[in-house]
K.L.:
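Structure incoming, see below.
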Amino acid sequence: MSSQIPPASPFSGKYALVTGSGRGIGRAIALHLARLGADVAVNFFRNRQPAEETAAEIENLGRRAPVIKADVGDLDDLNRMFDEVEANFGGLDIFIHNAASGYNRPAMQQKPKGWDWTLNINARALLFAAQRAAPLMERRGGGAIVSITSPGSQRVLPEYVVVGASKAALESLTRYLAVELAPQNIVVNAVSPGVVETDALAHFDAIRSDEHLIEKAIAATPAGRLVSPQDVANVVAFLCTPEASMIRGQVIVVDGGYTLPAR
Ligand SMILES: NC(=O)c1ccc[n+]([C@@H]2O[C@H](COP(=O)([O-])OP(=O)(O)OC[C@H]3O[C@@H](n4cnc5c(N)ncnc54)[C@H](OP(=O)(O)O)[C@@H]3O)[C@@H](O)[C@H]2O)c1
């Protein structure tokens, strides 16, 4: 009787680009895709050193890892990033829109500059990145696009109004792109993690002012622990496999059940 052993490197020979992959969740995704065999372009905006460290880890696995500085909220930068991907890889199989930023403050204190900044990085970048990624993926016979969203797209979190609106736009774009890019064999989805302990949490006053907030989040999570960057990376990678190819335009929640109980 023959037993089927899954291939150790399902992404062997594949080319990936992960935005904001020097730190946090993006770094975990980039490393995971590389462990599964992909060459991964590492994008950063302000912090070169962690991006170089992520790239060095990927190269230690025997994969290629060009490091590309680009503000994904700036269309010239975004286009240059894809020019560099094309110059390095000649095509693209996996695009992960992970980078995010935002002005965390109450709605009454928001300013147009903060809205533009946040929406451009978190939502607009996906639309114009998809325009560049799709032709590179078509050359490879198709591909996968996964964005990282957040529960704040639908639920009301403290000081999260503009990021929440940007994530709602991101999820809507995910559905439209899933339909429009389907004929090119490009699969488009999003992953919505619960609370993940990364540098991002330090930007929230609500977290700074309550040293027990993480413990409270753990206590409120049916799975009994916080979501790790690796938990997110595992699901993102799955969405890029042929086994997930009938999942289209969905937002997959990875929160250990945090958002399930009525509070
Ligand atoms: N942490 C959570 O609890 C949580 C929960 C739900 C969803 N998420 C989502 O998960 C994703 C990653 O979050 P994280 O917690 O890992 O964030 P993080 O630790 O704050 O890291 C943010 C990353 O995005 C990059 N970035 C920021 N602005 C950029 C820009 N304009 N262009 C290119 N890169 C940019 C940063 O690069 P530099 O270091 O070079 O600036 C950094 O690598 C985000 O989409 C976030 O909304 C996080």
Side-chain angles (χ1 to χ4, degrees), residues 17-32 40-55 67-82 84 95-104 114 116-126 128-129 146-155 157-160 162-171 173-174 190-204 206-207 213-214 217-218 221 225-233 235-236 251-256 258-259:
L17 164 62
V18 184
T19 64
S21 43
R23 300 187 288 122
I25 293 168
R27 169 187 159 81
I29 295 169
L31 289 172
H32 190 56
V40 186
V42 175
N43 157 251
F44 75 99
F45 174 27
R46 290 197 169 107
N47 297 292
R48 177 176 287 278
Q49 196 184 331
E52 297 281 5
E53 286 166 10
T54 302
V67 176
I68 306 173
K69 176 177 164 68
D71 169 8
V72 300
D74 179 284
L75 293 177
D76 290 338
D77 263 26
L78 189 79
N79 276 313
R80 188 180 40 73
M81 177 173 72
F82 278 94
E84 288 189 38
F95 171 61
I96 312 298
H97 174 46
N98 162 82
S101 188
Y103 279 86
N104 297 321
D116 290 346
W117 171 265
T118 307
L119 270 285
N120 287 349
I121 294 170
N122 298 1
R124 188 180 74 173
L126 172 63
F128 294 102
V146 182
S147 297
I148 310 301
T149 180
S150 106
S153 65
Q154 301 196 32
R155 299 172 70 93
L157 309 180
E159 302 184 349
Y160 205 75
V162 172
V163 181
S166 73
K167 295 296 192 182
L170 179 66
E171 292 175 14
L173 280 167
T174 297
V191 170
S192 183
V195 181
V196 187
E197 218 170 341
T198 67
D199 298 345
L201 296 191
H203 297 294
F204 290 91
I207 285 169
L213 205 118
I214 296 293
I218 292 169
T221 303
R225 65 171 176 82
L226 284 190
V227 177
S228 69
Q230 186 62 44
D231 291 323
V232 182
V235 177
V236 167
V251 177
I252 309 295
V253 177
V254 182
D255 71 350
Y258 180 84
T259 48

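Ligands are counted one by one from 1 in listed order, and the atoms in each one are counted from 1 as well. As a basis for the values below, the full set of heavy atoms in this structure was taken, side chains included, without hydrogen atoms, waters or symmetry mates.
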K.L.:
Which of the atoms of ligand 1 are close to V195, meaning less than 4.0 Å from one of its heavy atoms?
P.N.:
3 (O)
K.L.:
Check ligand 1 against G194 and write out every atom of the ligand that is under 4.0 Å from a heavy-atom position of the residue.
P.N.:
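With G194 as reference, the close atoms of ligand 1 come out as 3 (O), 5 (C), 6 (C).
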K.L.:
Provide, to 0.1 Å, the distance between atom 30 (C) of ligand 1 and the closest protein heavy atom, together with that atom's residue and name.
P.N.:
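The closest heavy atom on the protein side is F45 CD2, 3.5 Å.
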K.L.:
Give a yes/no verdict on whether any heavy atom in N122 is under 4.0 Å from an atom of ligand 1.
P.N.:
no
K.L.:
Output the list of atoms in ligand 1 that are nearer than 4.0 Å to some heavy atom of K167, sorted by atom number.
P.N.:
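In order of numbering, the contacting atoms are 44 (C), 45 (O), 46 (C), 47 (O).
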K.L.:
Heavy atom under 4.0 Å from ligand 1: found in V196's side chain, backbone, both, or neither?
P.N.:
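Looking at V196 and ligand 1, atoms from backbone and side chain both fall under 4.0 Å.
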K.L.:
Would you call P50 a ligand 1 contact, heavy-atom distance under 4.0 Å?
P.N.:
no
K.L.:
Rounded to the nearest 0.5 Å, what separation is found between the CD1 atom of I218 and the CG atom of L213?
P.N.:
10.5 Å
K.L.:
May I ask you to identify the nearest protein heavy atom to atom 48 (C) of ligand 1, giving residue, atom name and distance to one decimal place in Å?
P.N.:
I25 CD1, 3.7 Å
K.L.:
Which residue is it: L170, I252, T149, V235? I am looking for the one with a side chain to side chain contact (heavy atoms under 4.5 Å, CB included) to S192.
P.N.:
T149
K.L.:
Quick one: are the ring centres of F128 and F82 less than 6.0 Å apart?
P.N.:
no
K.L.:
Would a distance-only check, ignoring hydrogens and angles, find a side-chain to backbone donor-acceptor pair under 3.5 Å from N120 to D74?
P.N.:
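Here the side-chain-to-backbone pair does not exist.
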K.L.:
Is it the side chain (CB and beyond), the backbone, both or neither of P229 that lies under 4.0 Å from ligand 1, heavy atoms counted?
P.N.:
neither
K.L.:
Do you know which of I96, V227, T198, D231 makes side chain to side chain contact (heavy atoms under 4.5 Å, CB included) with I25?
P.N.:
T198
K.L.:
For Y160 and S150, which heavy atoms make the closest approach, and how far apart are they?
P.N.:
OH-OG, 2.7 Å
K.L.:
For ligand 1, which atoms, with element, lie under 4.0 Å from some heavy atom of I121?
P.N.:
31 (N)
K.L.:
Could you tell me the residue and atom name of the protein heavy atom closest to atom 10 (O) of ligand 1, and the distance to it rounded to 0.1 Å?
P.N.:
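Protein heavy atom at minimum distance: I148 CG2, 3.2 Å.
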K.L.:
Looking at atom 25 (C) of ligand 1, what's its closest protein heavy atom, distance included?
P.N.:
G20 CA, 3.6 Å
K.L.:
I want to know if ligand 1 touches P151 in the polar sense, i.e. an N/O pair below 3.5 angstrom.
P.N.:
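Among all N and O atoms of P151, none is under 3.5 Å from an N or O of ligand 1.
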K.L.:
Please list the nearest protein heavy atom to atom 15 (O) of ligand 1 with its residue and the distance rounded to 0.1 Å.
P.N.:
T198 OG1, 2.4 Å
K.L.:
Which ligand 1 atoms are under 4.0 Å away from a heavy-atom of A200?
P.N.:
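Within the 4.0 Å cut-off of A200, ligand 1 contributes 15 (O), 17 (O), 18 (P), 19 (O), 20 (O).
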K.L.:
Is K167 paired with E171 through a side-chain N to carboxylate O contact shorter than 4.0 Å?
P.N.:
no
K.L.:
Heavy-atom contacts with A99 under 4.0 Å: which atoms of ligand 1 show up? List them by number with element.
P.N.:
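Under 4.0 Å from A99, ligand 1 has these atoms: 24 (O), 26 (N), 33 (C), 34 (N), 35 (C).
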K.L.:
Go through ligand 1 atom by atom and flag the ones less than 4.0 Å from a non-hydrogen atom of F44.
P.N.:
40 (O)
K.L.:
Between atom CZ of R124 and atom CG of D116, what is the distance when rounded to the nearest 0.5 Å?
P.N.:
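Taking CZ in R124 and CG in D116, the distance rounds to 8.5 Å.
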K.L.:
So V67 and F44, side-chain contact (heavy atoms from CB on, under 4.5 Å) or not? Walk me through it.
P.N.:
CA-CA 8 Å; V67 176; F44 75 99; 3.7 Å; yes
K.L.:
Is there at least one pair of N or O atoms, one from N98 and one from ligand 1, spaced under 3.5 Å apart?
P.N.:
yes
K.L.:
With heavy-atom distances below 4.0 Å as the criterion, list the atoms of ligand 1 near A70.
P.N.:
32 (N), 33 (C)
K.L.:
Please determine whether side-chain contact (heavy atoms from CB on, under 4.5 Å) holds for the pair D71 and I121, giving the CA-CA distance in whole Å, both sets of side-chain angles, and the decisive distance to 0.1 Å.
P.N.:
CA-CA 8 Å; D71 169 8; I121 294 170; 4.0 Å; yes
K.L.:
With nothing but distance in play, are any N or O atoms of S150 less than 3.5 Å from an N or O of ligand 1?
P.N.:
no
K.L.:
Identify the residue among M81, R46, R48, E84 that makes a side chain to side chain contact (heavy atoms under 4.5 Å, CB included) with K69.
P.N.:
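So, applying the side chain to side chain contact (heavy atoms under 4.5 Å, CB included) to K69 and each of M81, R46, R48, E84, only R48 qualifies.
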K.L.:
Quick one, Y258 with L226, criterion side-chain contact (heavy atoms from CB on, under 4.5 Å). Give me CA distance, side-chain angles, the key distance, then yes/no.
P.N.:
CA-CA 9 Å; Y258 180 84; L226 284 190; over 6 Å; no
K.L.:
Per the side chain to side chain contact (heavy atoms under 4.5 Å, CB included) rule, which among I29, V146, I148 passes with V18?
P.N.:
I29
K.L.:
Who gets closest to atom 27 (C) of ligand 1 by heavy atom: G24, S101, G26, A100?
P.N.:
A100
K.L.:
Looking only at distance, does P193 have an N or O less than 3.5 Å from an N or O of ligand 1?
P.N.:
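Min N/O separation from ligand 1 is not below 3.5 Å for P193.
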K.L.:
Tell me which part of N43 gets within contact of ligand 1: side chain, backbone, both or neither, using heavy atoms under 4.0 Å.
P.N.:
side chain
